[in-house]
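Notes follow once the structure below has been shown.
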Amino acid sequence: MNEKIKAYILEHEEELIATRRKLHSEPELSWEEENTTVFICEQLEALGIPYRRTEPTGVIAEIKGGKPGKTVALRGDMDALSVQELNQDLSYKSNFDGKMHACGHDAHTSMLLFAAKALHQVKDEIPGTVRLLFQPAEEIAEGAKAMVKQGAMDGVDNVFGIHIWSQTPMKKIVCNPGPAFAAADIFKVEFKGRGGHGAIPQDTIDAAVVASSFVMNVQTVVSRTVDPLDSAVLTIGKMEVGTRFNVIAENAVIEGTVRTFNKDTRDHVERELEHYANTVASLYGATAKVTYTRGTNAVINDTNSARLSHEVISESFGPRVLHDQQPTMGGEDFSFFLDEVPGCFALVGCGNPEKDTEWAHHHGRFNIDEDALITGAELYAQYAWVYLNS
């Protein structure tokens, strides 16, 4: 642990909180983070940290140490969500209707920025390079891929990321080896029957019946074809069918998501989903078209990197801060960085019932206990310091 890093972040806690509040009040959606990008660039310029913008938004910066060594990347995402903020009593509530930092990316950006400031203070002592990734468009699972294509992982030996987490208690940190976030895929099934008058069903193939049968029974893909020891979730989130009360529907469209950790299970569910849709359609004389889109890959923490994070957490904050928590079936495009190099992804707890910060991510009442900001900022910086010195 570097005591200078800890001292710097503690001394600048109020500024860190103010930065997070500024970003919270000025949310920008995926690929629209222009003002946030400009703000980060201005902050880096003031420090003298070299950077380059990625296209269309985002920033890659580097702190080159005074000694040669490896390169570690630290990632903080920065996009907001199309969610209406319901925390109307906050002095720093969103200034824009229908836009909100409802997932904590304002905190990630702020924590990474102050980690950079702390590391910059000790750059002459750093053996190697710290690369800073201020990433756009995480919420639509496109930003990490775009940054990788633009060289974010070139020459990197290890990558570390943080997500502030309202479902984890305040003053607790999770970074278990192995699965952390699931692969998150999207599917659409389009059924086509034969429409007609509601009073003459014998001349039709009712797409509403076909779609209903599919929805009611498709869960058997998981419950009867996937090994119970392998995790999988198949959720139907949207169904559109019919045009009028007395018209038998010709078309039905169903949309949903699949979450898995294991690659073979992912492949299996994709195949079975298409097979099931075609089988149900043929049973009624209809047809089916399945579009399966792979989103994020599973976030699998490298064992050695996770163990290193445990050392950092225990030494910086005490062993009781380490928290064991089951993986989430949520998705995270940090996975695309881990596809390139080893690394790990930590959850920093911000849930505090006394401050009403246990609301789920993506909820209009989501907020964080801001005492977690200095923990996250220091964890970013100390991980980089310890990794490069290991």
Side-chain angles (χ1 to χ4, degrees), residues 70 72-77 103-104 108 133 135 138 141 144-145 148 153 156-169 171-185 222 226-235 257-270 294-317 319-351 361 375-376 379-380 382-384 386-387 390:
K70 296 172 287 188
V72 62
L74 305 177
R75 178 271 211 160
D77 43 7
C103 201
H108 304 164
L133 309 178
Q135 183 208 307
E138 187 281 329
K145 276 185 177 179
V148 169
M153 290 289 101
V156 171
D157 299 291
N158 192 274
V159 63
F160 179 68
I162 290 175
H163 207 304
I164 207 86
W165 206 246
S166 64
Q167 307 306 298
T168 299
K171 299 188 184 302
K172 298 293 184 181
I173 303 173
V174 181
C175 193
N176 294 330
F181 281 72
D185 300 335
V222 173
V226 173
D227 187 330
L229 299 180
D230 289 333
S231 299
V233 172
L234 192 160
T235 295
T257 183
V258 172
R259 307 298 173 103
T260 53
F261 288 112
N262 181 281
K263 181 183 180 300
D264 291 340
T265 303
R266 188 184 197 182
D267 294 341
H268 171 81
V269 173
E270 179 179 356
R294 297 207 171 196
T296 61
N297 295 330
V299 174
I300 309 294
N301 286 336
D302 170 64
T303 299
N304 291 332
S305 300
R307 287 174 178 167
L308 181 67
S309 79
H310 290 186
E311 294 176 18
V312 174
I313 293 163
S314 296
E315 191 172 335
S316 297
F317 311 109
R320 291 187 178 182
V321 172
L322 271 172
H323 187 61
D324 186 25
Q325 189 167 296
Q326 291 294 316
T328 173
M329 299 306 282
E332 237 295 344
D333 78 348
F334 185 78
S335 60
F336 297 119
F337 296 126
L338 290 178
D339 289 344
E340 303 295 319
V341 299
C344 58
F345 194 66
L347 303 180
V348 172
C350 68
H361 293 253
T375 300
L379 180 56
Y380 269 131
Q382 298 286 14
Y383 182 91
V386 172
Y387 174 79
S390 64

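Residue numbers start at 1 and run along the sequence shown.
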| task | Indicate yes or no: at least one non-hydrogen side-chain atom of Leu338 is less than 4.5 angstrom from one of Ile300. | result | no

| query | Does Lys70 have any side-chain hydrogen bond (donor to acceptor under 3.5 Å, both in side chains) partners at least two apart in sequence or in another chain, and if so, which? | reply | none

| task | Under the side chain to side chain contact (heavy atoms under 4.5 Å, CB included) rule, collect the residues that match up with Ala182, sequence neighbours excluded. | result | Arg259, Phe261, Met329

| Should Val299 and Ser335 be marked as a side chain to side chain contact (heavy atoms under 4.5 Å, CB included) after you check the CA-CA gap, both sets of side-chain angles, and the distance that decides it? | CA-CA 5 Å; Val299 174; Ser335 60; 3.9 Å; yes

| message | Restricting to side chain to side chain contact (heavy atoms under 4.5 Å, CB included), what partner residues turn up for Gln167, sequence neighbours left out? | response | Trp165, Ala360

| said: Can you list everything that forms a side-chain hydrogen bond (donor to acceptor under 3.5 Å, both in side chains) with Asn301? Sequence neighbours excluded, please. | reply: none

| Aromatic plane relationship, His163 with Phe181 - under 30° parallel, 30 to 60° tilted, over 60° perpendicular | parallel

| message | Please give me the minimum heavy-atom distance between Phe336 and Ala141, naming the atom from each residue. | response | CE1-O, 4.0 Å

| said: Is there a side-chain contact between Leu379 and Val312 in this structure, where contact means two heavy atoms from C-beta onward sitting under 4.5 Å apart? | reply: yes

| request: For His310, check side-chain hydrogen bond (donor to acceptor under 3.5 Å, both in side chains) against everything at least two apart and list the hits. | output: none

| said: Which heavy atom of Gly76 sits nearest to which heavy atom of Tyr380, and what is that distance? | reply: CA-OH, 3.6 Å

Anything under 3.5 Å between a donor and an acceptor, one on a side chain of residues 172-180, the other on a protein residue two or more places apart or in another chain? List them.
| unit_1 | atom_1 | unit_2 | atom_2 | d |
| --- | --- | --- | --- | --- |
| Lys172 | NZ | Arg320 | O | 2.7 |
| Asn176 | ND2 | Asp324 | OD1 | 3.1 |
| Asn176 | ND2 | Gln325 | O | 3.1 |

| message | Just so I know, are the side chains of His108 and Ile164 near enough to count as touching, which here means a heavy-atom distance under 4.5 Å? | response | yes

| query | Which atom names give the shortest non-hydrogen contact between Cys103 and His361, and what distance separates them? | reply | O-ND1, 3.3 Å

| message | Within the 4.5 Å heavy-atom criterion, are Val148 and Glu340 side-chain neighbours or not? | response | yes

| field | Closest non-hydrogen atom pair, Cys344 against Ser309 | value | SG-CB, 4.1 Å

| Test side chain to side chain contact (heavy atoms under 4.5 Å, CB included) applied to Val226 - qualifying residues, sequence neighbours left out | Asp230, Ala232, Thr265, His268, Val269

| remark: For Val321 and Lys171 the tightest heavy-atom approach is CG1-O, 3.5 Å

| field | With sequence neighbours excluded, residues passing ring pair (Phe, Tyr, Trp, His ring centres under 6.0 Å) with Phe160 | value | Tyr383

| Contacts of type side chain to side chain contact (heavy atoms under 4.5 Å, CB included), residue Arg307, not counting sequence neighbours | Thr303, Asn304

| field | Atom pair CG (Asn158) and OG (Ser305), whose distance is rounded to the nearest 0.5 Å | value | 4.0 Å

| Nearest non-hydrogen partners of Gly376 and Ile162, listed with the distance | O-CD1, 3.4 Å

| note | Sorted by chain and number, sequence neighbours left out, ring pair (Phe, Tyr, Trp, His ring centres under 6.0 Å) with His323 holds for none

| request: List for me each residue that meets side-chain hydrogen bond (donor to acceptor under 3.5 Å, both in side chains) alongside Arg75, sequence neighbours excluded, and say none if there are none. | output: Gln135, Glu332, Asp333

